[in-house]
S.K.: 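Before anything else, here's the structure in question.
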Protein chains: 2
Amino acid sequence: MPIPFDVLAEPSRRKILDLLLERPRLVGELTEQLGLSQPGTSKHLRVLREAGLVRVRQDAQRRWYELRPEPLAELDAWLAHYRHLWAGSLDALERHLDAMEDDPR
Amino acid sequence: MPIPFDVLAEPSRRKILDLLLERPRLVGELTEQLGLSQPGTSKHLRVLREAGLVRVRQDAQRRWYELRPEPLAELDAWLAHYRHLWAGSLDALERHLDAMEDDPR
DNA sequence: CGGGTACATTCCCTTGCGGCTATATAACCG
DNA sequence: CGGTTATATAGCCGCAAGGGAATGTACCCG
């Protein structure tokens, strides 16, 4: 699963993630918060689903959307290559933690 | 300066950042590596410049492009809000480090 | 089974972006 | 100064993506 940069490039989709960070939400709730049409919201949710950033739990006619952080973890891993450029004095610690990730025990 | 998600959404631009991670480069060099036209490369470089992700050092007719990691650091800060979702056992350590960032001494 | 609710899908329109070609700009060299 | 090198800008085209209205689908309730 590639890092979904293009999916995150959309402000409404990032706002959805921010809202789901607090708690799972229904589509209607998200629609209201976003100020979009319901179909518009559903479309974004589909993109987020296909990128693995959210998952759905069905409850009768309702759909609870919740966060799936895995793709964000991959983004984090990508960022790690650059992190030494600004992390400064924490470098050594971070290299140690990165090594642990590769070979945890 | 907002986080340049849309700028990073473009594969060629991410490749430019990857190339600049090794060392500063000339436009011609980047053009060759990307397999784009020279104007195409310049256009991407302009976008990266305006997003603060690269800076230019002029040397006669040549322009050395180099990385400016600040916007990536902001992206890292955004990601931090989500990091506890996958970091698991390292939570406590990270919260400690985050606190240090806010109030280093 | 009929109507209502909650959401997804389809269709259409418009805009923005990435790509290229052609051209401008600027600096070096002989 | 004239030509060449290195890069930027302008102009144009095609496509994909976001937005809304209309419609489809699935489930509940009486």
Side-chain angles (χ1 to χ4, degrees), chain A residues 1-68 71 75 78, chain B residues 1-20 22-68 71 75:
Chain A
M1 180 122 43
I3 304 176
F5 286 100
D6 51 333
V7 176
L8 296 174
E10 228 292 319
S12 295
R13 289 198 283 261
R14 288 199 304 277
K15 183 154 185 182
I16 289 176
L17 295 184
D18 283 344
L19 290 168
L20 295 184
L21 184 55
E22 300 177 21
R23 53 184 174 78
R25 312 249 187 179
L26 297 173
V27 178
E29 219 179 325
L30 294 170
T31 297
E32 189 183 351
Q33 296 290 326
L34 294 173
L36 287 184
S37 67
Q38 175 265 314
T41 304
S42 280
K43 215 168 179 182
H44 283 309
L45 287 171
R46 182 209 250 272
V47 175
L48 288 167
R49 243 186 295 130
E50 291 174 349
L53 280 161
V54 302
R55 60 195 300 274
V56 204
R57 204 160 35 85
Q58 190 158 355
D59 163 28
Q61 326 95 309
R62 301 174 171 183
R63 317 277 172 105
W64 291 98
Y65 275 88
E66 53 188 53
L67 218 48
R68 268 204 64 217
L75 171 57
W78 177 81
Chain B
M1 179 121 44
I3 304 175
F5 286 99
D6 52 332
V7 175
L8 297 174
E10 230 290 320
S12 294
R13 288 196 285 260
R14 288 199 302 277
K15 183 153 185 182
I16 289 177
L17 296 184
D18 284 343
L19 290 167
L20 295 185
E22 300 177 20
R23 53 185 173 78
R25 312 248 187 180
L26 297 173
V27 178
E29 218 179 326
L30 294 170
T31 297
E32 189 183 351
Q33 295 290 325
L34 294 173
L36 287 183
S37 66
Q38 175 266 314
T41 304
S42 280
K43 213 168 177 182
H44 284 307
L45 287 171
R46 180 208 252 270
V47 174
L48 288 168
R49 245 185 293 130
E50 289 174 351
L53 280 161
V54 302
R55 60 196 301 274
V56 204
R57 205 160 35 86
Q58 189 159 356
D59 164 27
Q61 330 94 308
R62 301 173 171 185
R63 315 277 172 104
W64 291 97
Y65 276 86
E66 53 188 52
L67 217 47
R68 268 205 63 218
L75 171 58

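Worth saying up front: this structure is predicted, and the values here are computed from it rather than measured. Order of the sequence lines fixes the chain letters, A, B, ..., with proteins taken first and strands second; residue numbering starts at 1 for each chain. Excluded from the calculations below are hydrogen atoms, water molecules and symmetry mates; all remaining heavy atoms, backbone and side chain alike, are included.
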S.K.: Side chain of A/A60 only, heavy atoms from C-beta on: which candidate in D/dG20, C/dC20, D/dC27 is closest?
M.R.: D/dC27
S.K.: Which listed nucleotide (D/dA21, D/dG19, D/dA8) is nearest to the side chain of B/S42?
M.R.: D/dA8
S.K.: If I take atom CG in residue A/D59 and atom P in nucleotide C/dT5, what distance separates them, rounded to the nearest angstrom?
M.R.: 17 Å
S.K.: Nearest whole angstrom, please: distance from the C1' of D/dC27 to the CD of A/Q61.
M.R.: 5 Å
S.K.: Taking atom CZ as the centre, does A/R49 end up with more than 12 heavy-atom neighbours from other residues, nucleotides or ligands that are less than 6.0 angstrom away?
M.R.: yes
S.K.: Measuring only between side-chain heavy atoms, which start at C-beta, is A/L8 closer than 4.5 Å to A/L17?
M.R.: yes
S.K.: So if I take every side-chain heavy atom of A/L45 and compare against D/dT7, C/dA8, D/dA10, which nucleotide ends up nearest?
M.R.: C/dA8
S.K.: Could you tell me the separation between the CD atom of B/Q58 and the P atom of C/dA26, rounded to a whole number of Å?
M.R.: 10 Å
S.K.: State whether B/Y65 places a side-chain N or O below 4.0 Å from either non-bridging phosphate oxygen (OP1 or OP2) of D/dA6.
M.R.: no
S.K.: Between D/dA8, C/dA8, C/dG19, which nucleotide has the shortest distance from any of its atoms to the side chain of A/R63?
M.R.: C/dA8
S.K.: Using a strict 4.0 Å threshold on nitrogen-to-oxygen distance, state whether B/R23 and B/E29 make a salt bridge.
M.R.: yes
S.K.: Indicate yes or no: at least one non-hydrogen side-chain atom of A/L45 is less than 4.5 angstrom from one of A/V56.
M.R.: no
S.K.: Below the 4.0 Å mark, does C/dT9 have OP1 or OP2 next to a side-chain nitrogen or oxygen of A/R46?
M.R.: yes
S.K.: Measure from CZ on A/R49 to C1' on C/dC7 and round the result to the nearest Å.
M.R.: 10 Å
S.K.: Does A/Q38 get its side chain close enough to the base of C/dA6, under 3.5 Å, for a donor-acceptor pair?
M.R.: no
S.K.: Expressed in angstrom and rounded to an integer, what is the separation of B/L26 atom CG from D/dA8 atom P?
M.R.: 10 Å
S.K.: Tell me whether the side-chain N/O atoms of A/H44 come closer than 4.0 Å to OP1 or OP2 in D/dG19.
M.R.: yes
S.K.: Atom CD of A/E32 to atom C1' of C/dC7: distance rounded to whole Å?
M.R.: 16 Å
S.K.: Counting any heavy atom closer than 4.0 Å, what does B/G28 reach on the DNA or RNA strands: base, sugar-phosphate only, or nothing?
M.R.: sugar-phosphate
S.K.: So if I take every side-chain heavy atom of A/R13 and compare against C/dA8, D/dT9, D/dG18, which nucleotide ends up nearest?
M.R.: D/dG18
S.K.: Going by the side chain to side chain contact (heavy atoms under 4.5 Å, CB included) test, name the single residue among A/R25, A/E66, A/K15 that passes it with A/L20.
M.R.: A/R25
S.K.: Between A/L36 (CG) and D/dA21 (P), how many Å, whole number?
M.R.: 12 Å
S.K.: How long is the line joining CD of A/E10 and C1' of C/dC17, in whole Å?
M.R.: 14 Å
S.K.: To the side chain of B/K43, which of D/dT7, D/dA8, C/dG19 is closest?
M.R.: C/dG19
